[in-house]
Each structure stands twice: as structure tokens, then as C-alpha cells.
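Please read the structure below before turning to the comments.
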Amino acid sequence: MKSFYRLYVFLLIICIVILFAVTFRQDINISDNVKPIPPVPEEITSTIKLYFTSNGKLVKENRLVTTKDMIFEKVIVEELIKGPRNQTLIATMPPSVRILSIETIEKICYVNFSKEYIENVKWDELEDDIIIWSLVNSLTQLDYIQRVQILVEGEKIDFPHLDFSRNQPFSRNDDLVAKSNVTHFSILKDFLDSLKMERYDKAYSMLDKGSTMRIGFQEFREIMSVYIKELRDYEIGLFNTQKFSDRVIISIKYLKNDIDGQVQLYQEWKLIEENGEIKIVLGDKEKIGF
């Protein structure tokens, strides 16, 4: 009887081991056949500079874009093709043009367009150099791009009206960019007006890099929506500009007429120059407001 009992236990253990081995092997086979799920790229929000045209000059338009595409040169060209949002500006490329390929090698960006690029009626309406450097100046804002080679259907092209060399990539040309008569105060005023009109995307694009690294767009929107409510019914009474070697400080006195008389509020704003542009430095969120 005992021998039978030992045999029964032994066979039971063998069955359990076999069952476990088969199940484990199936798990391995299933795991081997399952393809790994690639991570979903995070969306990136950034401000890019696009060059369109007006009155024979290139005019810059800042645009806030949110994308998962890590090829930023492609994002810039796609936004150029969409055309300007400012209705006073003129597009330099037809909306029908397609990007066949785009890559940057040794600081040269090779942009390969479909045939619609050279068949663009803009070549008859605009100056050739405006169309070319609208693209070139927009792309060379990226630190890793110094020159741009334009291709159509994979081939270098002859431009319709001017004798540009088709063998050499184009470098940046700031001589074609319109010089605007802006002041530090006019930029700050534009920033505040954008907040009042709830154009938070435009206002955010006017901040310096340090501010945007500290405060994301959504947090900026929440903070400034509260801040601008505090300015309701106030007007700028006086302002004073102090210039230093590395910054400009603008002191503003806000005025509002109340039943108890005139109410005054004071605030200072700091502006700096960054990559040739005047940018607004946003203070710590605890210091924003009055």
C-alpha cells in the first residue's frame, strides 16, 4: 500500500512538472512573437520664425507650433507651405507643393520638392530672391543648418529669372528682411494687448528662452489669465524706460478712476536682446501681478 502511495505521489509530481514546463514554454513563445510597442513620442511646443513677404521685403512671423515630429526643418517647411496667418503678408509657396524628402547633412539642409515648387505662379508675381530666401532664412534659424540646397524631383534647378548658381547651397540673407521701427515699450505694449485679446500663443512667443524653460505654455496661460483680470479697467498713465548694458527695465504706472478717486498700480518689466530680438523676461510666478 505504501509503495502504491509513493508511486502515486511521484507520478503526480512528474505531471505537475511537465504541465509547468509546457505552460512556461508557451509563455516564452507568445512573448517571442509579440512585437514591442514603440513609445509614443511626446508633443513638443515651440515658437518658430517664418519669413513671408510684403512690399518687396521679407517679413518675419512668429508661430507657436505643437508637433510630435522631431525633424524640425520639416515642420518649418510645412508651416511655410500653409502660408501666413497675418493677412497683410503674402505666401511664397503654393499650397499644392509637396515635400518629397528633407534631410540635413554636415549643416546643409537638402529640401526636395515636388514639381509644383518650380511651377509656382509666385515666380511671376514676386522677386526670385524673395521666394528663395523665404525658405532659406526660415530654415537657417536652426543652429545646425547653415546653408540650404533646393531640389525639385531630386534635381538641382535653374531659377526662372535670375542667374543664381544652382550648384551651390544658399546661405542666409538678412539684407532682404524688413527693418521694423520697434521700441522696447512697443513690444511690451504688444505683449499686454495680446494678453487682453487672449492671444496667449502670441504673448508666449514673445518671452525669452529662460522664461519658457521655467514656465510651460499651459501654466503661462493660467497665470496670465488671472493677471490680466487685475488690469481690467486700468490704462497706462506713465512709463519710464531705463537702459542697462544687458537689459532694459520699463516701469509702468497704471491708472483707474474709481468712486473713491484715482487708483494707481505700479509694475516693472525686464526686456533683453536674444538672438537679435527683443524678448520679455517673465518673473517668478509668485512675483507676477501687483
Item to complete: Classify the side-chain pair T92/S134 by whether it contains a donor and acceptor separated by less than 3.5 Å.
Response: yes

Worksheet item: Y234 and Q264: side chain to side chain donor-acceptor pair (under 3.5 Å), yes or no, with the steps?
Response: CA-CA 9 Å; Y234 281 91; Q264 301 179 1; over 6 Å; no

Item to complete: Group every Ile, Leu, Val, Met, Phe, Trp and Tyr by side-chain heavy-atom contacts under 4.5 Å, then state whether L100 and V152 land in the same group.
Response: no

Fill in: Distance, nearest 0.5 Å, that separates OG1 of T47 from CG of L207
8.5 Å

Fill in: Electrostatic pair E198-R221, nearest N-O below 4.0 angstrom
no

Worksheet item: At what distance, to the nearest 0.5 angstrom, does CD1 of I145 lie from OG1 of T140?
Response: 8.0 Å

Discussion item. Between D129 and N173, is the side-chain contact (heavy atoms from CB on, under 4.5 Å) condition met? List the steps.
Written reply: CA-CA 10 Å; D129 52 357; N173 185 352; 5.9 Å; no

Worksheet item: Transitively linked via ILVMFWY side-chain contacts under 4.5 Å: L238 with I252?
Response: no

Practice prompt. Could you tell me which non-hydrogen atom of W123 sits nearest to which non-hydrogen atom of I118, and how far apart they are?
Written response: CD1-O, 3.5 Å

Item to complete: Begin with the C-alpha distance, continue with both residues' side-chain angles, and end with the deciding distance and a verdict on side-chain contact (heavy atoms from CB on, under 4.5 Å) for S114 and E153.
Response: CA-CA 5 Å; S114 62; E153 305 287 345; 4.0 Å; yes

Worksheet item: Between Y110 and E73, does any side-chain donor sit less than 3.5 Å from a side-chain acceptor?
Response: no

Discussion item. Using a 3.5 Å distance criterion without hydrogens, assess whether the side chain of K279 forms a donor-acceptor pair with backbone atoms of S205.
Written reply: yes

Worksheet item: Can you get from I228 to I236 by hopping between Ile, Leu, Val, Met, Phe, Trp and Tyr side chains that sit under 4.5 Å apart?
Response: yes

Practice prompt. Count the heavy atoms belonging to other residues, nucleotides or ligands that lie under 6.0 Å from NZ of K122, then report whether that count exceeds 12.
Written response: yes

Worksheet item: Considering the options D208, I249, I280, which one meets the side chain to side chain contact (heavy atoms under 4.5 Å, CB included) requirement together with L271?
Response: I280

Fill in: Any side-chain heavy-atom pair of F244 and I272 under 4.5 Å
no

Worksheet entry | Min side-chain heavy-atom separation V148-I108 under 4.5 Å | no

Worksheet item: Tell me, do Y117 and I99 make a side-chain contact under 4.5 Å, heavy atoms counted?
Response: no

Worksheet item: Do I76 and Q141 come within less than 4.5 Å of each other through their side chains, counting heavy atoms only?
Response: yes

Discussion item. Taking the ring of F185 and the ring of F239, is the distance between their centroids below 6.0 Å?
Written reply: yes

Practice prompt. To the nearest 0.5 angstrom, please state how far the CG atom of L142 sits from the NZ atom of K49.
Written response: 9.5 Å

Worksheet item: Considering the options L151, I150, L139, which one meets the side chain to side chain contact (heavy atoms under 4.5 Å, CB included) requirement together with V111?
Response: L139

Fill in: Gap separating the CD atom of E106 from the CZ atom of R147, nearest 0.5 angstrom
10.0 Å

Worksheet item: Is there side-chain contact between Y204 and F191, with heavy atoms separated by less than 4.5 Å?
Response: no

Practice prompt. Check whether any side-chain heavy atom of V77 lies under 4.5 Å from a side-chain heavy atom of L135, and answer yes or no.
Written response: yes

Discussion item. If you count every heavy atom of other residues, nucleotides or ligands that lies below 6.0 Å from K196 atom NZ, does the total exceed 12?
Written reply: yes

Fill in: Inter-residue atom distance L188.CG - T241.OG1, 0.5 Å rounding
9.0 Å

Worksheet entry | Atom NZ of K256 with >12 non-hydrogen neighbours under 6.0 angstrom | yes

Item to complete: Treating Ile, Leu, Val, Met, Phe, Trp and Tyr as nodes and any side-chain heavy-atom pair under 4.5 angstrom as an edge, say whether I102 and Y144 lie in one connected cluster.
Response: yes

Worksheet item: Do K202 and D190 come close enough that some side-chain heavy atom pair is under 4.5 Å?
Response: yes

Worksheet entry | Heavy atoms of other groups near K270 NZ, more than 12 under 6.0 Å | no

Worksheet item: Which heavy atom of P94 sits nearest a heavy atom of E116, and at what distance?
Response: CG-O, 3.7 Å

Worksheet item: Are the side chain of T183 and the backbone N or O of S186 linked by a donor-acceptor pair below 3.5 Å?
Response: yes

Item to complete: Compare all side-chain heavy atoms of W269 with those of V281 and state whether any distance is below 4.5 angstrom.
Response: no

Practice prompt. Might you point out which heavy atoms bring M93 and L80 nearest each other, and give the distance in Å?
Written response: CE-CB, 3.6 Å

Practice prompt. Taking only Lys NZ, Arg NE, NH1 and NH2, and the carboxylate oxygens of Asp or Glu, determine whether E61 and R63 approach each other closer than 4.0 Å.
Written response: yes

Practice prompt. May I ask whether V263 and Y254 are part of the same hydrophobic cluster, defined by side-chain heavy atoms of I, L, V, M, F, W, Y residues being less than 4.5 angstrom apart, directly or through others?
Written response: yes

Item to complete: List the steps and the verdict of side-chain contact (heavy atoms from CB on, under 4.5 Å) for N112 and E155.
Response: CA-CA 8 Å; N112 185 19; E155 301 292 334; over 6 Å; no

Fill in: Proximity of Y51 and W133 rings by center, below 6.0 Å
no

Discussion item. Tell me the closest heavy-atom pair linking L126 and A91, and the distance in Å.
Written reply: CD1-O, 3.8 Å

Worksheet entry | Pairwise distance NZ(K74) to OG1(T67) - rounded to 0.5 angstrom | 8.5 Å

Worksheet item: Which atom pair, heavy atoms only, marks the closest approach of S211 to L282?
Response: OG-N, 2.9 Å

Worksheet item: Is the NZ atom of K57 crowded by more than 12 outside heavy atoms at less than 6.0 Å?
Response: yes

Practice prompt. Carefully, step by step, assess R85 and E79 under the rule side-chain contact (heavy atoms from CB on, under 4.5 Å).
Written response: CA-CA 10 Å; R85 293 176 180 171; E79 293 298 319; 4.3 Å; yes

Practice prompt. Taking all heavy atoms of I215 and all of G283, pick out the closest pair and write down the distance.
Written response: CD1-O, 4.4 Å

Fill in: Electrostatic pair R247:E273 at N-O distance under 4.0 angstrom
no

Worksheet item: Are any of the side-chain nitrogens in D201 or R199 under 4.0 Å away from the carboxylate oxygens of its partner?
Response: yes

